[in-house]
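Presented below is the structure to which this report refers.
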Amino acid sequence: MARIKLPDGSIIEADDGVTAKQVAEKIGPGLAKAAIAAKINGNLVDLSAPINGDASIQIITAKDAEGLEIMRHSCAHIMAEAICGLWPNAKLVYGPTVDDGFYYDIDLEEPIRPGDFERIEEKMGEIVKADKPFIRKEMTRAEAIAKLGGEKYKTDNVNRATGDIMSFYSSGDGFEDLCRGPHIPSAGKAGAFKVMSVAGAYWHGDPTQKMLQRVYGTSWRNRKELDEYLTRLEEAKKRDHRVIGRQLDLFSFNDAGPGFAFMHPNGMIIWNSIVDFWRGVHKRFGYEEIKTPIILNKELWHRSGHWDHYKENMYFTRFDDTDYAIKPMNCPGGCLVYQTRKHSYREFPLRVAELGLVHRHEASGVIHGLFRVRQFTQDDAHIFCTPDQIEAEIIGVIELTFEIYRAFGFKDFHIELSTKPENHIGSDEIWETATNALINALKHKNIDYKVNEGDGAFYGPKIDFHIEDSLKRSWQLGTIQLDFSMPQRFELVYTDKDNTEKAPVMIHRAVLGSFERFIGILIEHYAGDMPLWLAPQQAVILPISEKTNDYARAVEARLKAQGLRVSCDLTDEKIGAKIARTHGDKPAYMLVVGPKESQSDSVNVRIRGQEQTKTLKVDEFAAIAVKKIADKQLELAL
RNA sequence: GCCAACGUAGCUCAACGGUAGAGCUCCGGUUUUGUAAACCGGAGGUUAUCGGUUCGAAUCCGAUCGUUGGCUCCA
């Protein structure tokens, strides 16, 4: 006898061996119809799974996140069957779910092309329409290996799997695949799907292994959700910083320098606004600023350890029979500045910032707009301190970092701690001390963090700051890296209270990471609608006709005198056309001026993103705008 | 770097083996306009580059460069 406990606490009694599907039927026909899988004693299983003895059960439907996940996984199988039907030579490797969908890795000599997607989808449609069941067959590990008959990829999957029971699922028209499950009861429950893209992917993500074809699909509960997802993709495309960067004339790229951004005047307005703000905050937090050379002798990079650990990403140059490297990081230069004089414990902590221009030769396939470039400006700083100052310094950096993020409207951040990588310098003891210092600071601030084992820089452990943008995407921006190695390599010392020379602790840190990348993130976060203090065009004045051009120019001059970034549209277009065109430039405000405004010394303000307008005295508008800029207000409403 | 796709005017796209076009932008003119696009005209392209096939190539083939989407890597 099985005693089955439902989520509401009630008990259903049934014979042993009753299936989850039958339990669902007992609860109600509606639920039985909607059922996709079940959770028995906390484990996800097929609806066909038998239940014995005491058990708790939850019927999973498409409404549950787990239900959607199962639908997607089953969809991957359906796509695999479709592909195997079209390409009988295709060897299946691995087909998991991902955010918004699934993929299947396939070993097939003939490339699958985007033009094939329609055929694949049609075939998938046929399989779904036939609505054949997914049937689970369990066997031992040895039986599974025997059944696979030496098939390379699936045998490897068995060898990597845990547990002694392996399972195969048969579905559709005689299709069979090794899979842990669970699956939807039959293909008809697959929901709405679309084959999205195909890309190369190394087997096991290992570049020395064969490159497989990874076919991506998206799948949803129904057609409506699929369409909404596709619309969301379209919207995200419109936010693409590369598209908006061109539209707003912020920056460009040229074949003359792949991965090297050209910042235009509008882009530099955003850049310099950020720099001004950044300098102000750093001054308040007790930082000084330096600037170190971009090209430095190769020997320096041997000494710093970069030659041994970072050479592949560095640019080199040679003149006067001497080898030089273009700096990929600012720290060695910072060390040379430190060395120019004697230091005392009294001046510690010594906080030295540098907006350093670095070059890194990134692989051609990874460069991407402003997000991944080969030349970028880091908002770097190096803090030299004594070991007992580490914790307080790290706390200070955390506070400074949060203050800066909040000014840009980022509210959700999280922190990750990365520990010793395989490729590292320095002793295990040094690594442990440094890692503990970071942990203690985080504990002191009561900050939750995630640990990434083995992800640290080669010279020390680090904590990384991640922010979440308006599309809920996570970006790594800031980093704090403890470094006990660099001071040793450069023989940096300070004189302590007892008149002995000791090695200082060096803390590397960046808040925004890369200016280029951060600006790209801001553009996508705001969809190009920059907050007033960052907007390249804060206001555009639109005279109704030439008759008020003089008034428009006068207003422009007055607003400029207040420090506002203003321009005038003096073309002979009608006002409707001026507004429509100006929209594309995304100014915070449009100021319409005609005879009425010129007589009352006012402007008719159109706020970006709003239909209705508001008339204000020129001085009134200027005062409000100036205050909003000073306060870095994100809200444009007057 | 690897796999695949794509490179046509400043931008967005047509033309898909037979004389390279449109809209927007830009320039000149008409119009003097009241809240999301008035009208007329003009300029702008060795179709990424180089080579091949063909009577004929933007179109087919190859190489190179670049871009896009992934993989690996990363700020």
Side-chain angles (χ1 to χ4, degrees), chain A residues 98 103 105 108 110-117 196-216 237 240 242-243 246-247 249 252-259 310 312-313 328-329 356 358 360-380 455 457 462 464-466 475-479 481 508 510-518 520-521 542-549 570-584 590-597 604-606 610-615:
Chain A
V98 290
Y103 65 79
D105 279 350
L108 173 66
E110 185 192 334
I112 295 174
R113 297 193 164 83
D116 299 319
F117 293 172
M196 299 298 285
S197 65
V198 57
Y202 302 111
W203 191 33
H204 297 324
D206 179 349
T208 62
Q209 293 291 344
K210 182 166 189 184
M211 181 152 288
L212 308 165
Q213 298 194 62
R214 178 168 293 178
V215 185
Y216 284 89
K237 217 168 161 184
D240 188 319
R242 294 165 299 185
V243 174
R246 193 183 293 123
Q247 188 189 337
D249 199 12
S252 61
F253 287 91
N254 190 286
D255 289 359
Y310 209 73
E312 302 71 37
N313 284 312
M329 296 185 195
V358 297
R360 299 181 183 176
H361 184 80
E362 301 290 347
S364 61
V366 306
I367 52 182
H368 176 97
L370 292 178
F371 288 163
R372 198 74 185 274
V373 289
R374 286 175 168 161
Q375 181 208 58
F376 60 97
T377 299
Q378 275 186 318
D379 65 325
D380 212 347
D455 243 10
K462 59 175 181 176
D464 293 324
F465 295 82
H466 297 248
W475 300 95
Q476 192 211 310
L477 296 182
T479 183
Q481 309 184 349
H508 308 248
V511 177
L512 304 175
S514 142
F515 265 77
E516 284 79 355
R517 197 171 86 117
F518 184 67
I521 292 167
L542 308 177
I544 294 291
S545 79
E546 258 175 43
K547 289 170 187 162
T548 40
N549 278 2
L570 301 178
T571 60
D572 61 353
E573 293 289 352
K574 299 206 301 193
I575 189 63
K578 285 185 182 180
I579 289 167
R581 282 168 213 276
T582 306
H583 250 93
M590 290 187 219
L591 309 177
V592 174
V593 296
K596 269 189 288 183
E597 287 75 18
N604 182 256
V605 188
R606 270 182 86 100
Q610 289 181 27
E611 284 286 337
Q612 74 267 53
T613 66
K614 188 170 182 180
T615 298

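Numbers restart at 1 for each chain; the letters A, B, ... are given by sequence-line order, proteins then strands.
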Identify all pairs in which a protein N or O lies below 3.5 Å from an N or O of nucleotides 35-37 of chain B, and state each distance.
{"unit_1": "rU35(B)", "atom_1": "O2'", "unit_2": "Arg606(A)", "atom_2": "NH1", "d": "3.0"}
{"unit_1": "rU35(B)", "atom_1": "O2", "unit_2": "Arg606(A)", "atom_2": "NH1", "d": "3.1"}
{"unit_1": "rU35(B)", "atom_1": "N3", "unit_2": "Asn604(A)", "atom_2": "OD1", "d": "2.9"}
{"unit_1": "rU35(B)", "atom_1": "O4", "unit_2": "Asn604(A)", "atom_2": "OD1", "d": "2.6"}
{"unit_1": "rA36(B)", "atom_1": "N7", "unit_2": "Arg606(A)", "atom_2": "NH2", "d": "3.4"}
{"unit_1": "rA36(B)", "atom_1": "N6", "unit_2": "His583(A)", "atom_2": "NE2", "d": "2.3"}
{"unit_1": "rA36(B)", "atom_1": "N1", "unit_2": "His583(A)", "atom_2": "NE2", "d": "3.3"}

Could you go through nucleotides 67-73 of chain B and list every protein N or O atom that sits under 3.5 Å from one of its N or O atoms, giving the distance for each pair?
{"unit_1": "rU68(B)", "atom_1": "OP1", "unit_2": "Arg242(A)", "atom_2": "NH1", "d": "2.8"}
{"unit_1": "rG69(B)", "atom_1": "OP1", "unit_2": "Arg242(A)", "atom_2": "NH2", "d": "2.8"}
{"unit_1": "rG69(B)", "atom_1": "OP2", "unit_2": "Arg242(A)", "atom_2": "NH1", "d": "3.4"}
{"unit_1": "rG69(B)", "atom_1": "OP2", "unit_2": "His368(A)", "atom_2": "ND1", "d": "3.1"}
{"unit_1": "rG70(B)", "atom_1": "O3'", "unit_2": "Tyr216(A)", "atom_2": "OH", "d": "3.2"}
{"unit_1": "rG70(B)", "atom_1": "O2'", "unit_2": "Tyr216(A)", "atom_2": "OH", "d": "3.3"}
{"unit_1": "rG70(B)", "atom_1": "N2", "unit_2": "Gly200(A)", "atom_2": "O", "d": "3.3"}
{"unit_1": "rG70(B)", "atom_1": "N3", "unit_2": "Gly200(A)", "atom_2": "O", "d": "3.4"}
{"unit_1": "rC71(B)", "atom_1": "O4'", "unit_2": "Gly200(A)", "atom_2": "O", "d": "3.1"}
{"unit_1": "rC71(B)", "atom_1": "O2'", "unit_2": "Tyr202(A)", "atom_2": "N", "d": "3.2"}
{"unit_1": "rC73(B)", "atom_1": "O2", "unit_2": "Arg372(A)", "atom_2": "NH1", "d": "3.1"}
{"unit_1": "rC73(B)", "atom_1": "O2", "unit_2": "Arg372(A)", "atom_2": "NH2", "d": "2.5"}
{"unit_1": "rC73(B)", "atom_1": "N3", "unit_2": "Arg372(A)", "atom_2": "NH1", "d": "3.0"}

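Straight-line distance between the C1' atoms of rU68(B) and rC27(B): roughly 34 Å, to the nearest whole Å. Nucleotides rG29(B) and rC65(B) have their P atoms positioned 48 Å apart, rounded to a whole Å. Rounded to whole Å, the separation between the C1' atoms of rC40(B) and rA36(B) comes to 24 Å. Rounded to the nearest Å, the gap between the P atom of rA9(B) and that of rA4(B) is 27 Å. Rounded to whole Å, the separation between the P atoms of rG10(B) and rU47(B) comes to 13 Å. Rounded to whole Å, the separation between the C1' atoms of rA20(B) and rA58(B) comes to 8 Å.
Taking Lys578(A) as the reference, nothing meets the salt bridge (charged side-chain N to carboxylate O under 4.0 Å, His left out) condition, with sequence neighbours excluded. Under the rule for a side chain to side chain donor-acceptor pair (under 3.5 Å), the partners of Asp240(A) that lie at least two apart in sequence or sit in another chain are Arg242(A). For Lys210(A), the salt bridge (charged side-chain N to carboxylate O under 4.0 Å, His left out) partners are Asp107(A), Glu109(A), not counting sequence neighbours.
Without hydrogens or angle criteria, Arg360(A) side chain to Pro328(A) main chain gives a donor-acceptor distance under 3.5 Å. Panel note: side chain Gln213(A), backbone Ile112(A); a donor-acceptor pair is recorded below 3.5 Å. Between the side chain of Gln247(A) and the backbone N or O of Gly584(A), at least one donor-acceptor pair lies under 3.5 Å.
Between Lys547(A) atom NZ and rU31(B) atom C1' the separation is 12 Å, expressed in whole Å. Going from atom CD of Gln247(A) over to atom C1' of rG10(B) covers 15 Å, rounded to whole Å. Across the protein-nucleic acid pair, Arg374(A) atom CZ and rA75(B) atom P stand 16 Å apart, rounded to whole Å.
In this structure, Arg113(A) reaches the rA5(B) phosphate: one of its side-chain N or O atoms is under 4.0 Å from OP1 or OP2.
Among the atoms of the strands shown, none is found under 4.0 Å from any heavy atom of Gln378(A). Looking at heavy-atom distances under 4.0 Å, Arg360(A) makes contact with a base. Contacts of Val373(A) with the nucleic acid, taken as non-hydrogen atoms under 4.0 Å apart, include base atoms.
The shortest side-chain heavy-atom distance between Arg374(A) and Ile367(A) falls under the 4.5 Å cut-off.
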Per-nucleotide protein contact string for nucleotides 43-48 of chain B (B base, S sugar-phosphate only, - none; heavy atom under 4.0 Å) = ------
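Between Leu477(A) and Leu212(A), it is Leu212(A) whose nearest contact on RNA chain B lies nearer the 5' terminus.
Residues Glu516(A) and Thr377(A) approach most closely at OE1-N, 2.9 Å, considering heavy atoms. Scanning all heavy atoms of the two residues, the minimum distance from Pro595(A) to Thr548(A) falls at N-CG2, 3.6 Å.
For rG28(B), the paired base is rC40(B) (Watson-Crick or G-U wobble, both distances below 3.5 Å).
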